[in-house]
Amino acid sequence: MAESISPIAKKISQLKIQGARNVAIAAIEALVELSKVTKVKNKQEFLNELSAGQRLLVNSRETEPLMRNALRWLISQVEKSNKKEALALSKIVETSASEFLKNLQESKEQIAKIGKKRIRNNSVILTHCHSSTVTKLLIDANREGKKFEVFCTETRPVFQGRITSQELIKNDIKTTLIVDSAARSIMKEIDIVVVGADAITSEGNVINKIGTSTIALIAREARKPFYVVSELLKFDPATVCGDFEKIEKRDPSEIWKDAPKNLIIRNPAFDVTRRDFIHGIICEQGIIPPHSIFEVVQRKYKWIFQ
Ligand code: RUB
């Protein structure tokens with residue numbers, strides 16, 4: 001089992017696969033692969049195998065509810081099935097995975113369709129980190145003929161802003177890269193801030209790449225609208241029951257490879273942006289005020305609370 005899951009889990013933890021959506025897709029594909037190569041025969045063994053794979057994947061990155069929700073849903077489809085043999089159950093995993101991925105893709109399209117209307121002609125946009133949902137929205141707005149430019153933070157310590165800026169210039173979008181600490185001085189030139197999300201809590205707070213909450217604070221000070229684009233399935237149902245979203249702590253060497261021995265380095269990957277700083281969450285159901293997100297998720301994806 002570990003032979004098929006471990007390389008993917010490793011790629012996720014090493015950020016070779018990066019961004020909540022890409023992580024979830026890779027994890028889903030890894031579970032499908034596991035269900036194909038497993039040697040077990042009966043349903044209980046098959047479920048045990050899937051659960052072990054799920055644990056490995058979920059532990060590869062802590063702050064990824066989309067991945068957790070996806071894997072839990074896939075496994076629940078097997079549990080619900082009346083099939084008994086591993087071969088038939090592996091088909092269930094495969095078709096359920098396709099269904100989930102199709103829905104994820106449709107959500108992304110829908111988010112872009114709704115969100116691009118917020119991009120006005122000749123506007124200046126600031127984004128942070130690399131969110132494939134944000135870049136899709138910007139690329140679609142550009143293809144529609146809207147004229148705008150984008151500022152990207154470089155996003156220390158691992159520079160996801162470089163991925164964003166490369167993707168945008170490849171699509172002929174005027175793009176400027178800034179260091180993270182330039183966000184406040186540049187904010188006066190910005191019309192709208194758009195960022196992605198890794199997790200949404202029951203209170204409507206958003207967890208995204210470290211530094212996002214600082215940008216939200218700066219945007220509020222400058223009275224600039226701050227939007228989050230996110231699939232509803234990034235909602236973490238555990239937060240309804242009081243759990244805090246865990247913030248992944250990454251290796252200090254990402255910040256300084258050969259740091260002095262006694263230096264303490266802290267490297268949290270994400271931070272929490274409180275809902276009061278967010279103008280709206282642009283999701284597949286529309287632009288939703290963060291405090292209503294729980295009801296919207298409950299309406300669309302009841303199963304995540306089961
Ligand atoms: C990536 C990050 C992205 C979200 C959303 O962090 O914070 O903004 O994951 O991305 P990391 P997407 O590089 O540490 O994974 O919209 O593609 O799901």
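In each ligand, atom 1 is the first atom listed, and ligand 1 is the first ligand listed.
- With 3.5 Å as the limit, one finds a donor-acceptor pair spanning the side chains of D271 and S213.
- Applying the side chain to side chain donor-acceptor pair (under 3.5 Å) test to K234 and every residue at least two apart in sequence or in another chain returns E231.
- Distance from atom 4 (C) of ligand 1 to its nearest protein heavy atom, with residue and atom name: D198 OD2, 3.2 Å.
- Taking only nitrogen or oxygen atoms, main chain and side chain alike, H128 does not reach within less than 3.5 Å of ligand 1.
- Near N208, with a cut-off below 4.0 Å to any heavy atom, the atoms of ligand 1 are 2 (C), 3 (C), 4 (C), 7 (O), 8 (O).
- Ligand 1 places these atoms under 4.0 Å from at least one heavy atom of Q160: 11 (P), 13 (O), 14 (O).
- Residues E106 and Q110 have side chains that never bring a donor and an acceptor to within less than 3.5 angstrom of each other.
- Between A20 and ligand 1, at least one N/O pair is under 3.5 Å apart.
- In terms of protein heavy atoms, atom 10 (O) of ligand 1 is closest to S131 CA, 3.5 Å.
- Using modelled atom types and a 3.5 Å distance limit, the side chains of Q44 and N48 yield a donor-acceptor pair.
- Looking at ligand 1, you'll find an N or O of T133 within less than 3.5 Å of one of its N or O atoms.
- Below 30°, between 30° and 60°, or above 60°: for F100 and W73 the angle between ring planes is between 30° and 60°, a tilted geometry.
- Note: F294 and F305 have perpendicular aromatic rings, judged against thresholds of 30 and 60 degrees for the angle between ring planes.
- Considering each of Q18, K209, H130, the one bringing a non-hydrogen atom nearest atom 3 (C) of ligand 1 is H130.
- The shortest contact between atom 1 (C) of ligand 1 and any protein heavy atom is with C129 SG, 3.5 Å.
- Of the protein's non-hydrogen atoms, the one nearest atom 5 (C) of ligand 1 is A197 O, 3.3 Å.
- The CD atom of E79 sits 5.5 Å away from the CG atom of L47 when rounded to the nearest 0.5 Å.
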**Verdict with supporting geometry, H130 and E167, side-chain hydrogen bond (donor to acceptor under 3.5 Å, both in side chains)** = CA-CA 10 Å; H130 175 254; E167 208 175 315; 2.7 Å; yes
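- Look at N22 and you'll find every heavy atom at least 4.0 Å from all atoms of ligand 1.
- Every atom of ligand 1 with a heavy atom of K234 under 4.0 Å away is listed here by number and element: 5 (C), 12 (P), 16 (O), 18 (O).
- By the ring-ring contact (aromatic ring centres under 6.0 Å, His included) test, F159 is found to be paired with no residue, residues two or more places apart in sequence or in another chain being considered.
- Nearest-heavy-atom check against atom 17 (O) of ligand 1 across G19, S132, S230 picks out S132.
- Counting only heavy atoms of the protein, atom 15 (O) of ligand 1 lies nearest to R61 NH1, 2.6 Å.
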